[in-house]
Amino acid sequence: MKILLDTADVQYIKKAVDLFPVDGVTTNPTILAKTKRPFLEVLQEIRSIIGPQRSLHAQVLSQTAETILVEAGCLVEKLGKNTFIKIPVIPEGYKAMRLLHERGIGVTATAVFTAQQALMAAKAGADFVAPYVNRIDNICGDGVQVVADIVHIFQAGGFETGVLAASFKNVDQVHKCSLVEAQAVTVSEDVFASLTKHPLTDWSVNKFVEDWEAVYGKGTLISPK
Ligand code: E4P
């Protein structure tokens with residue numbers, strides 16, 4: 001399962017990409033607005049940090065197919081290969097997905113709350129669909145079940161569209177998405193940190209150092225001498 005960062009914090013992205021096997025970055029208008037910087041400048045900086053091999057998913061604001069195409073063209077021109085245009089699953093959005101797919105431009109259908117929206121997006125040619133797990137949970141739905149249903153529908157229908165599950169508030173939601181074989185998840189800084197940490201790991205490392213130093217002395221490392 002691919003793991004992407006759902007942030008536009010360039011310093012954080014730089015550090016995370018250096019340390020971890022991050023597969024890409026997703027943004028949305030809310031995330032970009034938080035930077036209070038020119039949005040294209042931020043997106044281009046993210047592209048330069050993650051390189052062309054990782055995917056970058058950037059969202060359009062328009063609500064008509066015609067203007068979505070204009071925004072998409074601009075994003076692809078500025079951000080290059082491996083860019084996916086995030087388009088909400090609104091009626092004109094499905095049309096834009098079809099037209100962009102016909103032009104060979106990558107599409108991520110976003111703001112997905114139901115499996116049927118995801119199916120419609122896949123039929124329109126989306127490369128990924130992004131179901132909002134936590135926002136579904138927040139309205140007494142079952143976000144992971146929606147992800148599982150989409151994975152099943154895509155497998156049964158022979159669609160190549162991937163499920164890029166989004167909107168997470170905890171590791172359990174991410175873990176369950178990996179169990180139902182989502183192709184990718186995108187997570188905030190907080191959730192990403194929790195994915196890799198455990199207090200017992202820290203306790204174990206401290207104990208190793210303590211036991212070692214009690215015999216070999218403080219700061220002693222393994223070396224050829
Ligand atoms: C990503 O594509 C979504 O925009 C994002 O994950 C939404 O997350 P939120 O519900 O935490 O805002």
Side-chain angles (χ1 to χ4, degrees), residues 1-10 12-13 16 22-36 39 42-43 46-47 50 54-63 68 71-72 75-76 79 82-90 93-94 96-97 100 105-115 117-118 120-122 124 126-148 150-151 154 161-178 180 182-195:
M1 184 177 75
K2 290 186 190 309
I3 300 183
L4 291 83
L5 296 170
D6 199 24
T7 178
D9 180 337
V10 290
Y12 179 81
I13 294 170
V22 171
D23 294 295
V25 170
T26 57
T27 63
N28 65 33
T30 304
I31 288 171
L32 280 170
K34 272 189 206 155
T35 69
K36 297 192 181 348
F39 48 87
V42 176
L43 287 167
I46 294 172
R47 170 56 80 204
I50 66 174
R54 295 185 182 87
S55 64
L56 177 54
H57 303 245
Q59 192 166 328
V60 293
L61 271 299
S62 303
Q63 298 189 27
I68 288 173
E71 287 190 289
L75 287 170
V76 168
L79 305 176
N82 222 347
T83 296
F84 292 83
I85 308 302
K86 285 178 71 184
I87 304 174
V89 285
I90 56 174
Y94 293 112
M97 289 175 207
L100 288 175
I105 294 174
V107 168
T108 297
T110 195
V112 170
F113 283 78
T114 72
Q117 289 177 311
M120 198 63 74
D127 299 276
F128 292 98
V129 297
Y132 282 8
V133 175
N134 194 64
R135 292 193 198 191
I136 295 170
D137 289 351
N138 278 347
I139 52 170
C140 297
D142 184 340
V144 172
Q145 187 58 52
V146 172
V147 170
I150 299 170
V151 169
F154 286 0
T161 308
V163 182
L164 167 50
S167 178
F168 290 101
K169 281 294 163 280
N170 60 61
V171 169
D172 189 51
Q173 292 166 328
V174 176
H175 175 60
K176 285 177 178 155
C177 282
S178 54
V180 299
Q183 283 74 24
V185 292
T186 184
V187 297
S188 63
E189 295 96 314
D190 289 355
V191 174
F192 189 84
S194 303
L195 287 177

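Counting starts at 1 for both ligands and their atoms, following the listed order. Atoms considered below: every heavy atom in the structure, side chains included; atoms not considered: hydrogens, waters and symmetry mates.
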Q) Is Asn134 near ligand 1, meaning one of its heavy atoms is under 4.0 Å from it? A) no

**Q.** Note, Val22 side chain near Leu4 side chain (heavy atom, < 4.5 Å)
**A.** no

Q) Numbering the atoms of ligand 1 from 1, which are under 4.0 Å from a heavy atom of Arg135? A) 7 (C), 9 (P), 10 (O), 12 (O)

Q. Between Thr26 and Asp6, is any side-chain donor less than 3.5 angstrom from a side-chain acceptor?
A. yes

Q. Mind checking whether Lys169 has an N or O less than 3.5 Å away from an N or O of ligand 1?
A. yes

Q: Quick one: look up the protein heavy atom nearest atom 2 (O) of ligand 1 and list residue, atom name and how far away it is.
A: Lys86 NZ, 2.6 Å

(Q) Angle between ring planes, His57 versus Phe128, binned at 30° and 60°: parallel, tilted or perpendicular? (A) perpendicular

Q. Counting heavy atoms only, which part of Tyr132 comes closer than 4.0 Å to ligand 1: side chain, backbone, both or neither?
A. side chain

Q.
With respect to Gln59, determine whether any N or O atom, backbone or side chain, lies less than 3.5 Å from an N or O atom of ligand 1.
A. no

**Q.** ligand 1 contact on Ser167 by region, counting heavy-atom pairs under 4.0 Å
**A.** both

Q) Below 4.5 Å, heavy atoms only, C-beta onward: do Ile13 and Thr7 meet side chain to side chain? A) yes

Q. What protein heavy atom is closest to atom 4 (O) of ligand 1, reported as residue, atom name and distance in Å?
A. Asn28 ND2, 2.7 Å

Q. What residue and atom, counting heavy atoms only, is the protein's closest point to atom 5 (C) of ligand 1, and at what distance?
A. Asp6 OD2, 3.0 Å

Q: Would you indicate whether the side-chain heavy atoms of Tyr132 and Val146 approach each other to under 4.5 Å?
A: no

Q.
Are there over 12 heavy-atom neighbours, none belonging to Phe113, within less than 6.0 Å of that residue's CZ?
A. yes

Q: Say whether Thr26, considering both its backbone and side-chain N or O atoms, lies within less than 3.5 Å of an N or O atom on ligand 1.
A: no

Q) With a 4.5 Å heavy-atom cut-off, do Val163 and Phe154 have their side chains touching? A) yes

